[in-house]
Number of protein chains: 2
Amino acid sequence: MARARISDVAAAAGVSVTTVSLVMNDVESRISEETRTRVREAARAIGYAPSSVARGLRTQQTRTVGLISDQIATTPFAGDMLAGAQDAARENGYLVFLIDTGGDSAIEADAIRALTAQQVDALIYACMWHQVVPAPAGLPAGAVFLDCRPENGGYRSVVPDDRAGGAAAVRELVAAGHRRIAYIDTDDTPIASNLRHEGYLEVLAEHGIPVDPALHVQGETTARGGRAAFEQLLELPEEQRPTAIFCFNDRMAAGVYIAAHRRGLDIPRDLSIVGYDDQQLVAAEQDPPLTTIALPHYDMGRWAMEVALGVRAEGDEDATHLMECPVIRRDSVGPPPAQVAKPNRRRASHTERPPEAATDR
Amino acid sequence: MARARISDVAAAAGVSVTTVSLVMNDVESRISEETRTRVREAARAIGYAPSSVARGLRTQQTRTVGLISDQIATTPFAGDMLAGAQDAARENGYLVFLIDTGGDSAIEADAIRALTAQQVDALIYACMWHQVVPAPAGLPAGAVFLDCRPENGGYRSVVPDDRAGGAAAVRELVAAGHRRIAYIDTDDTPIASNLRHEGYLEVLAEHGIPVDPALHVQGETTARGGRAAFEQLLELPEEQRPTAIFCFNDRMAAGVYIAAHRRGLDIPRDLSIVGYDDQQLVAAEQDPPLTTIALPHYDMGRWAMEVALGVRAEGDEDATHLMECPVIRRDSVGPPPAQVAKPNRRRASHTERPPEAATDR
DNA sequence: TTGAAAGCGCTAACAC
DNA sequence: GTGTTAGCGCTTTCAA
């Protein structure tokens, strides 16, 4: 059977289409309660549902949003951003068109065209990880950047506060008593890695811990890369080795776990580790479960959608919103290995690790 | 500036709207080449793009597809299905509305209503893993089930061939010389786990390998669950222990790795392992990389979209398509440990484990 | 409290 | 080869 139209309902209820429209849209005013119920029943009886297409044409509002991403929907990294965005869209009665471009700019341009032709009411441009990107040509004003920033501004955006996150990670380690803290870094993703590194340096400075360049190593952002970087650290003379490691991400931390376990090192007894991302299937599945810094994907997705929809008032048309990365405490952080075993291990202990360090938690 | 309309282009080019429409839609017939280019230029000059909404209303075809899923977009499990579906949609000029319901049936019902109101041309109903589900009320005929089957039929569907996949996994192990092969199973996901188990039994039977119930253990589908199940296996008398393990999924296999490494067991020298899923961030990141059976997510997604769009002819309106799960050979399978080391390792085999046991399963 | 009618932007049947 | 026009299904102004 063909779709029921508003005129069918009108005929069935013995009223005009105007009345049906008024009833279906819950326009307060006029219309007696009796007519109301008559219309509603007729509608239900013939299974009528208004056509969003016709309504969209008439009102020039489609209650539809476009979400263009490089790959968030199809990779395991940042799906929660979608969840946040979707939830916000649904709560406000919007449907979302999702287009993963795979990073292909031709597809991206087509996507913008197609979404514009669809007259979406809002547009979100999302990346799978924090980066600074050129704003694609033709991107409508009012679009919101999610997990990325337009390099020349002009749009609102939301990204994780990686600097504060890096600081929080290191603070966690310092609070446990560590002073020799390595940072296993990467150069694959410059923005995030630089910011986290800044946070690392900031906390060392805060506590008067000298920076040892030998404790800053790099690798690719995989378990293999983390493992290789860790092995580099193990080549240091024993007293120079770290007692704790802050890893750029959880995958790299997983590599450290593998190497540590193979050498019989116990986590956290012999080595404390903090990761980053709180990545599903990685962080919590380690043994012991990994303490890490969570990327606020869900909240960023929700923020972006609410701002794009105009549901959340954000003063500035051209500002970057930094979202906090919470510490997820699990079991990979403990105090440094007891040093009584190596009484003569270093210089005067007050320079090495002031007892006060234990108290600043 | 407001959106340009077709009449603006017509005026600018000094032709009628019909002509513009014909040109924009590349309708061969009539229209001189000269007029054509004039129209095209006018359109480009004023930045005209046809409104999909108006076109949708007029033609009653929106070139839009709905994809309702439980959680595939927001979890790290099956994102490739989306990639396959999206690619197929894009290639055919369709845009996709994505709705993750989180498994909430009220949201699901709303989603079906909203998508119907949007007059989507096709609908895909997808699950994050292979299961049999009741078809939601109101689901339009012609919808396609992706990675799930409607319990009472009535719709086309595509699911992985888990039975053949299970068989392939075990065959891999048998080919390497193993005879004592355990199956670390789960009861969390009945359909897939039963099917894979059937494949396991099938191959044992094929090779006349007796079935040992002690080698069939269960756990939850996490690294922790896999680890616990493996430890149960290690409690068996030495000569009864498996030399190879087929794990229900890669996460459980990861748990086996952890326990094995902690005990100093080398993979694959002391123990061979085959997983299932070829899960990103899990399978390939193990050390050594895990041999596993891939779930054909991308191809299933593409299949579902093509069938839903009517681009791929599928005879039966009510059939389940089984998609092959390829073996991904990596480095976790090797020959069983040499048995010369324990010449008297088992007693008379017929008392220890009567061959008839193979038949009573 | 209700209805008639215009018109959103487009396509396509039909006329020229 | 090109133009006129009806109408897709709805909302909304205006009149009654």
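Side chains included, hydrogens not; waters and symmetry mates left out as well; all remaining heavy atoms used. Sequence lines set the chain letters: A, B, ... in the order given, protein chains first and strands last, and positions in each chain run from 1.
When rounded to the nearest whole Å, the span between CZ of B:R55 and P of C:dA12 equals 9 Å. Straight-line distance from the CZ atom of B:R36 to the P atom of D:dG1: 10 Å, rounded to whole Å. Following rounding to the nearest Å, A:R3 (CZ) and D:dC8 (P) show an atom-to-atom distance of 14 Å. Taking atom CD on A:Q119 and atom C1' on C:dG9, their separation rounds to 8 Å, with Å as the unit. Rounded to whole angstrom, the span from the CZ atom of B:R63 across to the C1' atom of C:dT11 amounts to 15 Å. Rounded to whole Å, the distance from CD1 on B:I31 to P on C:dA12 is 14 Å. Rounded to a whole Å, the CG atom of B:L22 is 11 Å from the P atom of D:dG3. Rounded to an integer number of Å, the gap from CZ of A:R38 to P of C:dT1 is 14 Å.
Looking at the side chain of A:P50, the nearest of the listed nucleotides D:dC10, C:dC10, C:dC8 is D:dC10. The side chain of A:R5 sits closest to D:dG9 out of D:dT4, D:dG9, C:dT2. Checking C:dT2, D:dG9, C:dC10 against the side-chain heavy atoms of A:S32 singles out C:dT2 as nearest. Closest to the B:T19 side chain, of the nucleotides D:dT2, C:dC10, D:dC10, is D:dT2. Comparing C:dA12, C:dT2, D:dT11 against the side chain of B:R58 picks out C:dA12 as the nearest.
In this pair, B:W303 and B:H321 present their aromatic rings parallel. The plane angle is below 30°, not in the 30 to 60° band. Using the six-membered ring where Trp is involved, B:F97 and A:F97 have ring planes that are parallel, under 30° apart on the 30 and 60° scheme.
Checked for salt-bridge contact, B:D26 and B:R40 meet the test: a charged N lies under 4.0 Å from a carboxylate O. Note on A:D80 versus A:R302: no salt bridge recorded, every NZ/NE/NH1/NH2 to OD/OE distance being 4.0 Å or above.
Between the side chains of B:S51 and A:Q119, at least one donor-acceptor pair of N or O atoms lies under 3.5 Å. The closest side-chain donor-acceptor pair between B:T19 and B:S16 falls under 3.5 angstrom.
Considering only side-chain N and O atoms, B:S16 lies under 4.0 angstrom from the phosphate OP1 or OP2 of D:dG3.
By the 6.0 Å contact criterion, CD on A:E91 is enclosed, its count of non-hydrogen atoms from other residues, nucleotides or ligands being greater than 12. The 12-atom threshold is not exceeded at CD of A:E324, counting heavy atoms of other residues, nucleotides or ligands nearer than 6.0 Å.
Residue A:V53 is classed as having no contact, given no heavy-atom separation below 4.0 Å to the nucleic acid. Within the 4.0 angstrom heavy-atom criterion, only backbone atoms of the sugar-phosphate kind lie near B:T59; the bases stay farther away.
Put simply, the side chain of B:T18 and the base of D:dT4 share a donor and an acceptor less than 3.5 Å apart. Checked by distance alone, B:S21 brings no side-chain donor or acceptor within 3.5 Å of a matching partner on the base of C:dA12.
Rounded to 10°, the helix from C:dT1-D:dA16 to C:dC16-D:dG1 has 40° between the axis fitted to its first five pairs and the one fitted to its last five.
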